[in-house]
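Taking it in order: structure first as structure tokens, then the write-up.
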Protein chains: 2
Amino acid sequence: MLTQITLSQLSGFQPALGRSEAPARLRTSTNKAFAGIPITFSRNAEIYGEEESANYIYKVLSGVVRSCKLLPDGRRQIGAFYMPGDIFGLEPDEVRHFSAEAVIQTELIALEWESLITVDEHSGAFLSELLQITMKGLRRTQAQLLLIGRKNARERVAAFLLDMAGRSGHKDIVELPMPRHDIADYLGLTLETVSRMLAELRAIGAIELESARRVRLLDLAQLTELAR
Amino acid sequence: MLTQITLSQLSGFQPALGRSEAPARLRTSTNKAFAGIPITFSRNAEIYGEEESANYIYKVLSGVVRSCKLLPDGRRQIGAFYMPGDIFGLEPDEVRHFSAEAVIQTELIALEWESLITVDEHSGAFLSELLQITMKGLRRTQAQLLLIGRKNARERVAAFLLDMAGRSGHKDIVELPMPRHDIADYLGLTLETVSRMLAELRAIGAIELESARRVRLLDLAQLTELAR
DNA sequence: CGGGATATTGACTCTTATCAATGCCCGTGG
DNA sequence: CCACGGGCATTGATAAGAGTCAATATCCCG
């Protein structure tokens, strides 16, 4: 059975975590049908690379995605982590400027970009949503700019923990699916500095490290103060 | 005479630098007419502040605008400089998250945001342009993130000069309308470091400082190499 | 011509990066 | 079941880059 899937549905679709949905099929206005079956990427698998053509946008069903940019000498900046429900992969022109990789095993649903923007009848609603998503992304990136440009290591790590807590739903236990190296490249630090700042936050009683990848936030007020 | 002005015209309108155009009047589909006469802001005048409601989007006719975010203790991050032809002021929700100020005397044209997005008939074209503009801004901000997060002072200043050169049209003479402090807050540095890096670039023969606000790029290849 | 803002330069400090050693966790295979 | 191994994380010692504080210098603008 062919179902016409709109961006609204893509945007509104909240996956049932852990359970696999019945496969949906997409039929675009250009009559090219493709399977909308969730695609699975294993840990560290590349979803797309820099300079690749930007044909699809994606929504995270489960797992985590990092988007990153690499300098010739290996320095790396992570632009964002995408969590379940997040949409990513919109580009202003034909070619990617960031790559995207799965941080852990990740399920995505993909939509063909061309088919979305050429649908005249619904383009208003489509575009409005895309615009909203993109503006939110821009705002997030601008906040990140302030973080990296003007805050010290302790403030960055505290802000990161609070941000992760806010996105995960649980208010005091934060799961960190990504290694220290990824956090460092997201915050413009080294992995050693991230580790040291976590140790420091633990020392002052703001957090507790249940394991390397699981942090308990003990003192939200103090953390918020430290994050400025 | 009332003229229906579309975003396309706003976007496509290239001001004749230095000359003042005949006043245009805007009439929106909601029948609220407002003057589209270019508004002039003097040096350091605030165009809008953080937390203000986001009612208008702007296009720079002449001058330069900086958008910035301030921390409680006075640290500042400049998110972007807007030059003639640039459009700014789009926000994902009702309230501003960055302020905007004129760097030098600046002429702007303003369009009421609500009237643009509620025009159903042309919303497709409008939104498509807004989306394009926003995605370009996002890309620019992401590039800035890499710059600030992973490049050293010399690389940042070299990249800034090349960026300014690229935007100004002149390939080897760069006018810097903004003070060192603004450049520093844009690059996540201090004004002293910016000054030192310029001195360093001059010392190695990559640039020449005709005055503090006017730089001649002597060796594009070397600068590009230094910017990575 | 003078004065205030802006810019440069210098001396020193401090944060964070770098290099290196050790520790921990977890999966795998004997 | 336990020992081994490999990735990841922590911790330490040191260095380098950029920040801070302070003293001129320069440039506009009146």
Side-chain angles (χ1 to χ4, degrees), chain A residues 42-44 64 66 71 73-77 103-105 147-161 174-203 207-215 226 228, chain B residues 42-44 64 66 71 73-77 103-105 147-161 174-203 207-215 226 228:
Chain A
S42 54
R43 203 166 75 99
N44 293 325
V64 183
R66 62 175 172 253
L71 288 173
D73 62 1
R75 286 177 289 180
R76 184 180 68 155
Q77 179 66 41
V103 173
I104 52 175
Q105 179 163 308
L147 193 81
I148 290 181
R150 285 294 172 229
K151 293 189 180 175
N152 64 31
R154 186 182 312 110
E155 292 169 330
R156 293 185 210 182
V157 172
F160 176 72
L161 290 176
V174 183
E175 299 282 350
L176 302 175
M178 67 293 286
R180 296 289 184 267
H181 188 233
D182 282 5
I183 300 176
D185 285 347
Y186 179 62
L187 298 177
L189 299 169
T190 60
L191 65 92
E192 292 96 330
T193 299
V194 171
S195 186
R196 273 186 252 269
M197 291 305 120
L198 287 171
E200 203 176 304
L201 293 176
R202 182 187 48 194
I207 64 170
E208 187 178 327
L209 284 162
E210 305 205 341
S211 78
R213 303 291 182 95
R214 172 186 283 258
V215 181
L226 284 172
R228 294 286 165 171
Chain B
S42 55
R43 203 167 75 100
N44 293 326
V64 182
R66 63 174 171 254
L71 288 173
D73 62 0
R75 287 177 289 179
R76 184 179 68 155
Q77 179 66 42
V103 173
I104 54 176
Q105 180 161 308
L147 193 81
I148 291 181
R150 285 294 173 227
K151 293 188 180 177
N152 63 31
R154 185 181 312 111
E155 293 169 329
R156 292 184 212 183
V157 172
F160 176 72
L161 291 176
V174 183
E175 299 283 349
L176 302 176
M178 67 292 288
R180 296 289 185 267
H181 189 232
D182 282 6
I183 300 176
D185 284 348
Y186 178 62
L187 297 177
L189 299 169
T190 60
L191 65 93
E192 293 96 330
T193 299
V194 171
S195 186
R196 273 186 253 269
M197 291 304 119
L198 287 171
E200 203 177 302
L201 293 176
R202 182 186 48 193
I207 65 169
E208 187 179 328
L209 284 163
E210 305 205 341
S211 80
R213 303 292 181 97
R214 172 187 283 258
V215 181
L226 285 171
R228 294 289 160 166

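Here is the naming used below: chain letters follow the sequence lines, and residue numbers restart at 1 for every chain. Only this structure's heavy atoms are used, side chains among them; waters, hydrogens and symmetry mates stay out.
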If you define the side chain from C-beta out and look only at heavy atoms, does anything of A:D182 sit under 4.5 Å from A:R76?
yes

Minimum-distance nucleotide to B:P179 side chain [options: C:dA7, D:dA9, C:dT9]
C:dA7

Could you tell me the separation between the CG atom of B:L198 and the C1' atom of C:dT6, rounded to a whole number of Å?
14 Å

In whole Å, what is the span from the CD atom of A:E155 to the C1' atom of C:dT16?
14 Å

Please work out if B:R43 contacts a base, only the sugar-phosphate, or nothing of the nucleic acid, heavy-atom cut-off 4.0 Å.
sugar-phosphate

Protein-nucleotide distance (B:I104, atom CD1; C:dT6, atom C1'), rounded to Å:
16 Å

Tell me whether A:R43 at atom CZ has more than 12 heavy atoms from other residues, nucleotides or ligands lying less than 6.0 Å away.
no

Measure the distance from CD1 on A:I183 to P on C:dT16 and round it to the nearest whole Å.
17 Å

How long is the straight-line distance from CG of A:L187 back to OG1 of A:T193, given to the nearest 0.5 Å?
10.5 Å

Interatomic distance where CZ belongs to A:R76 and P belongs to C:dA17 [whole Å]
15 Å

Interatomic distance, CD1@A:I148 vs CD@A:E155, rounded to 0.5 Å, equals 13.0 Å

Does OP1 or OP2 of C:dA17 have a side-chain N or O of A:T193 closer than 4.0 Å?
yes

So what does A:L191 touch, heavy atoms closer than 4.0 Å: a base, only the sugar-phosphate, or nothing?
base

Looking at the side chain of B:E192, which of D:dC21, C:dA20, C:dT8 is the nearest nucleotide?
D:dC21

Where the side chain of B:T190 is defined as all heavy atoms beyond and including C-beta, which of D:dT20, C:dA7, C:dA17 is the nearest nucleotide?
D:dT20

Quick one: label B:R213 by what it contacts on the DNA or RNA (base, sugar-phosphate, nothing), any heavy atom closer than 4.0 Å.
sugar-phosphate

Tell me if a side-chain donor or acceptor on B:R180 pairs with a main-chain N or O of B:A212 at a distance below 3.5 Å.
yes

Could you state the atom-to-atom distance from CE of A:M197 to C1' of D:dT10 in whole Å?
13 Å

Rounded distance in Å - CD (A:E200) to C1' (D:dG12):
15 Å

Using a 4.0 Å heavy-atom cut-off across all strands, classify A:R202 as base, sugar-phosphate, or nothing.
sugar-phosphate

Whole angstrom is fine here: how far is it from CZ in B:R180 over to C1' in D:dG19?
18 Å

Between A:R196 and B:A212, who's closer to the 5' end of DNA chain C by nearest nucleotide?
B:A212

